[in-house]
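Right, one structure below, let's go through it.
Treat the numbers as computed from the prediction; the structure is a model and nothing was measured. Lettering of chains follows the sequences in order, A, B, ..., and the numbering in each one begins at 1. Side chains are part of it too, since the values below use all heavy atoms of this structure and drop only hydrogens, waters and symmetry mates.
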2 protein chains.
Amino acid sequence: MTVSLRELRALPGFSDKLLTDGCPTRVVLDHVTSKWGVLVLLALSDGTHRWGELRRAVDGISEKMLAQTLRILEADGLVLRDARPTIPPHVEYSLTASGRELVGRMLPLVEWVARNATRMLARETEAAAAS
Amino acid sequence: MTVSLRELRALPGFSDKLLTDGCPTRVVLDHVTSKWGVLVLLALSDGTHRWGELRRAVDGISEKMLAQTLRILEADGLVLRDARPTIPPHVEYSLTASGRELVGRMLPLVEWVARNATRMLARETEAAAAS
DNA sequence: CTGTATCCGATGGGATACTG
DNA sequence: CAGTATCCCATCGGATACAG
């Protein structure tokens, strides 16, 4: 499943420029590659989770950003929100079929970064020490 | 090359929490998934380019953000900067071996988004019209 | 428990001008 | 050509308080 930039150029939003400013691809790309978007999608990749579980799983996220991120991903059709009208409220979030397709392509990227990040940042402190 | 979240949990930065706040993986992930980081890496995926070419290829980027993005990606060891001491200056940017590995895992994600973004955003304007 | 509303500071990022 | 420096504002995003 290797893809080249040449092949991508046939797709909408591509031209002599890479992706035109404000085109649909860039908008969605900004949503899913946002600081919290990546982590929320990742958290949902192993199944359904409740609001509180997501809040704890995604270290450092504020309630405001969790709500905002979930709303955007839901509007994009990547996340499904299932609210049971009970007291107290019980709400479950899961990936849609589209969401699972997307996450399948995001996991290899995250895995590579997780495997290499420490070594990459080590280079930098090393370079800083030399100066 | 399918990866699951379960397998990821064995890697550095993962725990009961997904990725701890400020861990190396998150730092690098923020660099490469930043608004301009993705597009610059994408632009370099088909070979070496000069500063001016990148400026034109990445639609809408300012000089400030191009410089900043390139410096960060270079510090991470993903981009190589080759400056020829001529007048006028001639500087070429390319991906390192690490950068090519990373971009190989980013292209399928971008391809999927490019194929589906228009349909995804169509859902939203449709939903807005219904309200 | 699952959010929303508001305030406010930090950061991202554009425009412009300037330099070797 | 390939940047740097400065100014400035808009958006991001955290903290807190509150609500159904």
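- Taking atom CG of L54(A) as the reference point, atom C1' of dC1(C) lies 13 Å away to the nearest angstrom.
- For the pair L102(A) and V113(B), the minimum side-chain heavy-atom distance is below 4.5 Å.
- Rounded to an integer number of Å, the gap from CZ of R84(A) to C1' of dG3(C) is 17 Å.
- Position along DNA chain C of the nearest nucleotide to P89(A) versus R71(A) favours P89(A) as the more 5'-ward residue.
- You'll find the side chain of Y93(B) stays beyond 4.5 Å of the side chain of L80(B), heavy atoms only.
- Ion pairing between D21(B) and R26(B) holds under the 4.0 Å rule for side-chain N and carboxylate O.
- Residues M106(A) and W112(B) have side chains not in contact (no heavy-atom distance under 4.5 Å, counting atoms from C-beta outward).
- Atom CG in L66(B) sits about 16 Å away from atom C1' in dA15(C), given to the nearest Å.
- Nucleic acid contact class of R81(B) (heavy atoms, under 4.0 Å, all strands): sugar-phosphate only.
- On the nucleic acid side, DNA chain D contacts chain A at distances under 4.0 Å to non-hydrogen atoms, with the end points of that region at dG13(D) to dG20(D).
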Close N or O pairs between protein and nucleotides 16-18 of chain C (under 3.5 Å):
none

Check the pair D46(B), R6(A) against salt bridge (charged side-chain N to carboxylate O under 4.0 Å, His left out), reporting the backbone distance first and the verdict last. CA-CA 8 Å; D46(B) 67 343; R6(A) 271 197 65 254; over 6 Å; no
Please evaluate residues R84(B) and E92(B) with respect to the criterion salt bridge (charged side-chain N to carboxylate O under 4.0 Å, His left out), reporting the C-alpha separation (whole Å), side-chain torsions for both, the decisive distance (0.1 Å), and the verdict. CA-CA 8 Å; R84(B) 318 276 174 81; E92(B) 299 199 325; 3.3 Å; yes
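- Remark: C1' of dC1(C) and OH of Y93(A) are 11 Å apart, rounded to the nearest angstrom.
- A distance of 11.5 Å separates CG in L39(B) from CG in L54(B), rounded to the nearest 0.5 Å.
- Following rounding to the nearest Å, I72(B) (CD1) and dG12(C) (C1') show an atom-to-atom distance of 11 Å.
- S98(B) and E101(B) are not linked by any side-chain donor-acceptor pair at a separation below 3.5 angstrom, with hydrogens and angles left out of the test.
- Residues V58(A) and W36(A) form a side-chain contact, since some pair of their non-hydrogen atoms from C-beta on lies under 4.5 Å apart.
- For DNA chain D, none of the residues of residues 25-49 of chain B falls under the heavy-atom distance limit of 4.0 Å.
- Whole-Å rounding puts the I87(A) CD1 to dG3(C) C1' distance at 14 Å.
- When each of Q68(A) and P88(A) is assigned the nucleotide of DNA chain D bearing its nearest heavy atom, the one mapping closer to the 5' terminus is Q68(A).
- Side-chain contact between V103(A) and L78(A) is absent, with no heavy atoms from C-beta onward closer than 4.5 Å.
- F14(B) places none of its side-chain heavy atoms less than 4.5 Å from the side chain of T20(B).
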